[in-house]
Every structure is written in C-alpha cells, then in structure tokens.
Amino acid sequence: MAYAANRGISVMPEIEIPGHSRAVTASYPEVGCAITQELKSVQGEVKNVWCVGREENYDLLDSIIREVSGLFPFEYIHIAGDEVNRANWEHCPKCQALMAKEGFTDSFQLQNYFFRRVQKIVDKYHKKTDGWNEILKGGEINPNTLISAWQGISYGIESAKKGYKTIMMPGQFLYFDMAQSETERGHRWAAITDTKRAYSFEPIPDADLTPEEQKNIIGVQGALWSEYLDRPARIMEYQSYPRISALSEIGWSKKEDKNWDDFYGRLTNSHLKRLADMGIAFRDFPPTAIYKNGTITVTSPYEGAIVRFDKDGNEPTRQSPLYTGSIQTKDYEHYMFRVFFNETSASPVVKVEKLPVATWNTSKAEVLTISENISEHVDKKGIWYLTFNPTDDGANGTIKNVSLFENDKLVQTYADEKGLKSKPRLRFLIENYNEKNTYRLDFTVENKEEKKSAANVKFNCSPYQEPGVKVTSSMEENPKFPISNLQDYNEESYLRTDVACKEGDWILYTFTNPVTSSKIDVLTGIPHHPRFIINNGFVEFSYNGTDFIKGDNFDYGNASIYPKQPVKAVRIQITGTNNEPLMAGQDLKINP
C-alpha cells in the first residue's frame, strides 16, 4: 500500500461475490448451494456461487470484509455482483426457503437481499461499497453505493439517472483484454477495440442525462483481465499501452477538446518514444499493405516508422528486409508486414489486403441498388468469399439479392435478406477463370430507418481447400456450438463440447473423397482465443480411412500433418484433460 500511496495511487480491493467464486467453493464446499445439479455459468463453470440462504455464510463474509478493511486504507470495497449464475439459487432448498420467508417472487430479489446484507457488513467496518452494474437489479440498495458500469453505456446512464455515483467503463470501449484487431490475441465478445476506438469513448452522455444527473458520472476506468496474458512475453504492456494513454485523455479532456488527429500526432511524434524510454513494451501502430494491379504498396502508420516484411508467409522479425518501396508480385497472399519500434515494441503483423469491391454510406431510410465491375479484383479460380464489413458504427440495414456474374452469366445468387450487423460472409466458386473474363457484383441494401448504414465489401480468394467432410466425436456437443460447425469452413463458427475432455476422447474428420494437401493444420480452442484448447494429445491421419499415421503432438492447442498421399481421414486423439470445463475445435486449414 505504501508503494502505491507514494505514487499517488489508491488501491481498491474487490471481493468477488456471490458469483465467480469457484476458488471459495472448492476450498469450502459448504459455502455453495446444496444441489445435485451441475448448473453452468456463462463461462461454463459449475459450483461457483455463494448460497444466499446459508446464514453462516454472512458470518464468514463478515470475517473476510473485516480483514480486508484493515489491509486497505481506501474508502471503498468492491463487492462485485457480476455474472451470477442465479440458477443455483432457483434449485437450492435453502435459497427457496429464504425466498418463501421473504415473499420474493424471483431470484433477482435474492441477489438484492444478498447485497443489502453485505452492504451492512461493509458499513460496519466504516467503508463504502462499489459493485458491478448488475447489483442494481432486484430492488433498492444503499444510495451511497458506487456503480461500475461495465456492460454498456446504457447501464451507466441507468445508474446515473437513479442517483448513484457511477464509473463509466463499458467493455465495448475500455476493456483492454479485447483484441485490438481481427487477427490479434484477445477477447472479442464486446468489440474489437484499438487505441482509436478507446479514444472515441465519451464518458458523459450529455444527450441522455440532465446536467444534475451528469454530475453522478465521477470517472472513467479501463479494465484488463488476465485470461490471455500468459503469452507472448510482456503482453500485459502490449494490451495496455497506448490504450491507457487514450483512457487518460478522455478522462481529463472536455468533449469539445478531443481530437484524434492531434492525440495521434502527439503519441507518434513524442509519447511512444517516452514510453520506450520508460521500458514499456507497448503495441505500435500497424502499417497498411494494399495490393492492386500486381503491386503491393505499404503505407507507414506515421513518419519514420520502420516497416519490415516477409514474403514466405512468416511473421517478420527484426532481421527481415526493410520495406523501401512498392513490391511487384503476383503472390501477394504470402507477404507479411510489421512495424518495429525497438527491441521490445512492435506492431501486429498485417497481411496484404485488396481494396473494397464496393462501399456505401447513408443515414437515410432508402433502398440502394449497387452494381460494380470487379474484374480487376478476380485473378484466379477457386473459392471466393464476399464479406460485408460495417464501418464507423454503421451496422444498420439489410443486404439481399447478392449476385455474381461472369461474362454477364450468373454464377450464383443469394436472394435471402441478411442483416449487416451479422457481417454477412457469402461463398462463391469461380471455376472457369481466365484473365479475359469480366466479373460483376450486384446487390441491394435496404436501410429501413434513418440510422447510419455504412460498409466496405471485400472479395477474397480462400487460400485453403474446402472438401466435403463428415465430423464425429466421442464427446457430447453443446447444441449451440454443434459438431456440424466443423464442416462449414466458416472461421467464426466452431465446436464446443458440453463436457470436459479426457484421455481417450477423439474427433474424427472423414473426407468424402481423399484430399491432396501439402499440409493440414488442426486448430482447437475458440477462434483467435487460446481458451478450451487441447493441451494433451496428438493428431493422426489415414490414407485409407482405417490405418492411421501419427502426426504432430498438440502445441498450445494446434497441430499439423504433412501427408505424402491423398488423405481420407484426420483424427484428434486426446491423451489427458485440459483442466477446463469443455473443449473447443475449429475447421481444418487444408493447404493446397
């Protein structure tokens, strides 16, 4: 505490109750509900909730809060309240008896009862209470409670309107465990959140609050949770900076004084150097690499940035060639680029992109009929994906009647209406490509409300094969993430089992016809997330579907095979638990 105090920092402890308490119930099972069912939380955990109906639990909490109050001089104690798996209480005889005694009609009232009891204990030790925004549900709480609004801006508005002092920390902007781009490590459940998005957040929603209510917004906060901070080295700093710099500025700047270009200029002209001199391994800003008409052109993120590249599909290193000018090539897919600031700080790796084949931007309620000649974008036969990517928070509207024409002959059409918010991804097969062909893309956008609808439309050839495949497993699937997801070659869909994996479990991919491939990558875990991966196991493959040859062992959830003949089947063999409540699997990456 002294170390923090000497640097002007106050440390607020958090006691994670009544949910997220697996460590407590594992050590003291009597703290949990007396139920036989294993009811899973949103993260898939079981038995991680304090029983509200056990009176002795409040004596234990009194002891904990008394001790914590003595250790931390800060005026607040955070008592959590987030993501409580209330289903435990709904099946617990003691909790149900308490509900009947108090005349409660739902489990939110039980939650409110719990927090009012805890708040009395906090008050007893002369502290104030902070809690996540969920504690507003179920009834009144102490008016002196501080609310940490994490689930979204609307929850902070609700808290301020009810008169509670409020900290704005919406995960969609200020959770620094979120990935900073589509290809980087990190969570994605709230948003892809880079420095610019963090800077765009305005803590005081003046259009929704009266001047008096606005006074209840007392601060802004970033959060960094640790699930994905185990690797690579110093990723905590990478995830924190310079997003913390953006957090600081939005905390002390008036709305009218905020200017991204000015902030970015100060960051890149001087502040990144300051961070480097302090020994902070920050995330540098990535370059942009665009391919057009046989040429890759790279734009540096700022003047003086050092950009290096690799042309063989590997991550550039500090020994890779410097980018000094445009690169002529037909093999643009293999080029990778990266900014290097110093020995510890670098940008994420970026691949070469093509320009959008179409764009739109409207805030009117209207129907747009879009037709684009995309001949210069199509350069080979294969499986192509058309993706609709909303921009600038313009995810309103629907897309329909998406058609691809080759020499004015229809290749394929998707007539169904698809919401832009879902980021539609449509598959097309171009079998008869030659450089003299012409290609046209037609589609309709219907914006039904006077809200912003804006998107970039990309058309890219898949680098992988997508043969017909049937997948089976020894493990029970989660119906929301079925095993059939491993057959669709959609990067965003995946399998989740409904049970933990164990020695002897398996997943079998059987191809309709044998597949010729130089390399097949077998990926586990949630896409882009090292969660629910296979820790113990190996992959094997078969040329005839019966006899199998051992391939790689799994390394941090991934393994590969290098077949010499056409492959009929690939099998994952699990040799031990991953110490998680479930396992996740992804589509095979089948190289030519």
Side-chain angles (χ1 to χ4, degrees), residues 179-184 188-189 191-194 197 286 288-292 332-333 335-336 348-362 368-406 411-430 433 439-447 452-466 485 487-494 523 526-529 586-587 589-590:
Q180 301 188 63
S181 71
E182 291 286 355
T183 59
E184 289 181 83
R188 283 160 173 73
W189 58 261
I192 301 295
T193 305
D194 60 7
R197 181 174 174 82
T288 301
I290 299 296
Y291 177 78
K292 184 177 181 181
Y332 66 92
E333 300 101 328
Y335 279 76
M336 305 283 186
V349 177
V350 297
K351 296 181 179 180
V352 180
E353 295 186 7
K354 290 184 176 181
L355 294 170
V357 295
T359 63
W360 76 86
N361 189 336
T362 183
L368 303 174
T369 301
I370 296 175
S371 180
E372 296 284 351
N373 185 327
I374 62 170
S375 301
E376 69 176 35
H377 293 268
V378 181
D379 55 8
K380 65 187 68 174
K381 68 178 181 179
I383 299 164
W384 288 73
Y385 280 100
L386 188 72
T387 55
F388 293 81
N389 305 301
T391 59
D392 302 322
D393 296 322
N396 297 292
T398 58
I399 299 110
K400 58 184 177 181
N401 299 326
V402 182
S403 300
L404 176 68
F405 296 86
E406 182 181 75
V411 174
Q412 190 172 356
T413 189
Y414 291 88
D416 294 348
E417 188 175 278
K418 301 178 186 299
L420 178 58
K421 190 173 293 184
S422 68
K423 300 180 181 180
R425 178 177 181 263
L426 306 179
R427 183 183 188 271
F428 294 89
L429 180 62
I430 296 178
Y433 169 79
Y439 294 89
R440 188 178 85 247
L441 175 69
D442 293 351
F443 61 92
T444 301
V445 178
E446 184 175 1
N447 197 29
K452 189 171 184 178
S453 177
N456 289 327
V457 185
K458 298 288 187 74
F459 194 50
N460 290 301
C461 188
S462 172
Y464 305 111
Q465 300 181 70
E466 299 183 2
N485 284 351
Q487 303 171 177
D488 62 6
Y489 297 105
N490 182 347
E491 292 182 352
E492 299 306 317
S493 70
Y494 56 95
L523 312 178
I526 302 174
H528 310 296
H529 294 50
Q586 303 176 38
D587 298 315
K589 301 290 188 185
I590 306 171

Indicate yes or no: at least one non-hydrogen side-chain atom of [X] is less than 4.5 angstrom from one of [Y].
{"X": "Asp379", "Y": "Lys354", "result": "yes"}
{"X": "Glu492", "Y": "Lys423", "result": "no"}
{"X": "Leu420", "Y": "Ile399", "result": "yes"}
{"X": "Leu441", "Y": "Val402", "result": "yes"}
{"X": "Ile290", "Y": "Leu355", "result": "yes"}
{"X": "Leu404", "Y": "Leu386", "result": "no"}
{"X": "Asn361", "Y": "Lys452", "result": "yes"}
{"X": "Phe388", "Y": "Val457", "result": "yes"}

When you compare the side chains of [X] and [Y], does any donor N or O come within less than 3.5 Å of an acceptor on the partner?
{"X": "Ser371", "Y": "Asp442", "result": "yes"}
{"X": "Asp488", "Y": "Ser493", "result": "yes"}
{"X": "Gln412", "Y": "Tyr414", "result": "yes"}

Do the side chain of [X] and the main chain of [Y] share a donor and acceptor less than 3.5 angstrom apart?
{"X": "Arg197", "Y": "Gln180", "result": "no"}
{"X": "Thr398", "Y": "Lys418", "result": "no"}
{"X": "Ser453", "Y": "Asn396", "result": "yes"}

| remark: For Tyr494, the ring-ring contact (aromatic ring centres under 6.0 Å, His included) test, sequence neighbours excluded, returns Phe481
Might you point out which heavy atoms bring [X] and [Y] nearest each other, and give the distance in Å?
{"X": "Thr359", "Y": "Ile370", "result": "O-CD1, 4.4 Å"}
{"X": "Ile590", "Y": "Tyr489", "result": "CD1-OH, 3.9 Å"}
{"X": "Asp587", "Y": "Glu491", "result": "OD2-N, 4.1 Å"}
{"X": "Cys461", "Y": "Gly382", "result": "SG-CA, 4.3 Å"}

| task | Could you check whether the rings of Phe428 and Phe459 sit parallel, tilted or perpendicular, using 30° and 60° as the cut-offs? | result | perpendicular
| request: Describe, in one word, how the ring planes of Tyr439 and Tyr433 are oriented to each other, choosing from parallel (under 30°), tilted (30 to 60°) and perpendicular (over 60°). | output: parallel
| message | side chain to side chain contact (heavy atoms under 4.5 Å, CB included), that's the test. Do Asn490 and Asn485 meet it? Break it down for me. | response | CA-CA 8 Å; Asn490 182 347; Asn485 284 351; over 6 Å; no
Atom [atom1] of [X] and atom [atom2] of [Y]: how far apart are they, to the nearest 0.5 Å?
{"X": "Asn456", "Y": "Thr391", "atom1": "CG", "atom2": "OG1", "value": "5.5 Å"}
{"X": "Arg427", "Y": "Glu466", "atom1": "CZ", "atom2": "CD", "value": "4.5 Å"}
{"X": "Leu426", "Y": "Thr413", "atom1": "CG", "atom2": "OG1", "value": "9.5 Å"}
{"X": "Glu182", "Y": "Asn389", "atom1": "CD", "atom2": "CG", "value": "8.0 Å"}

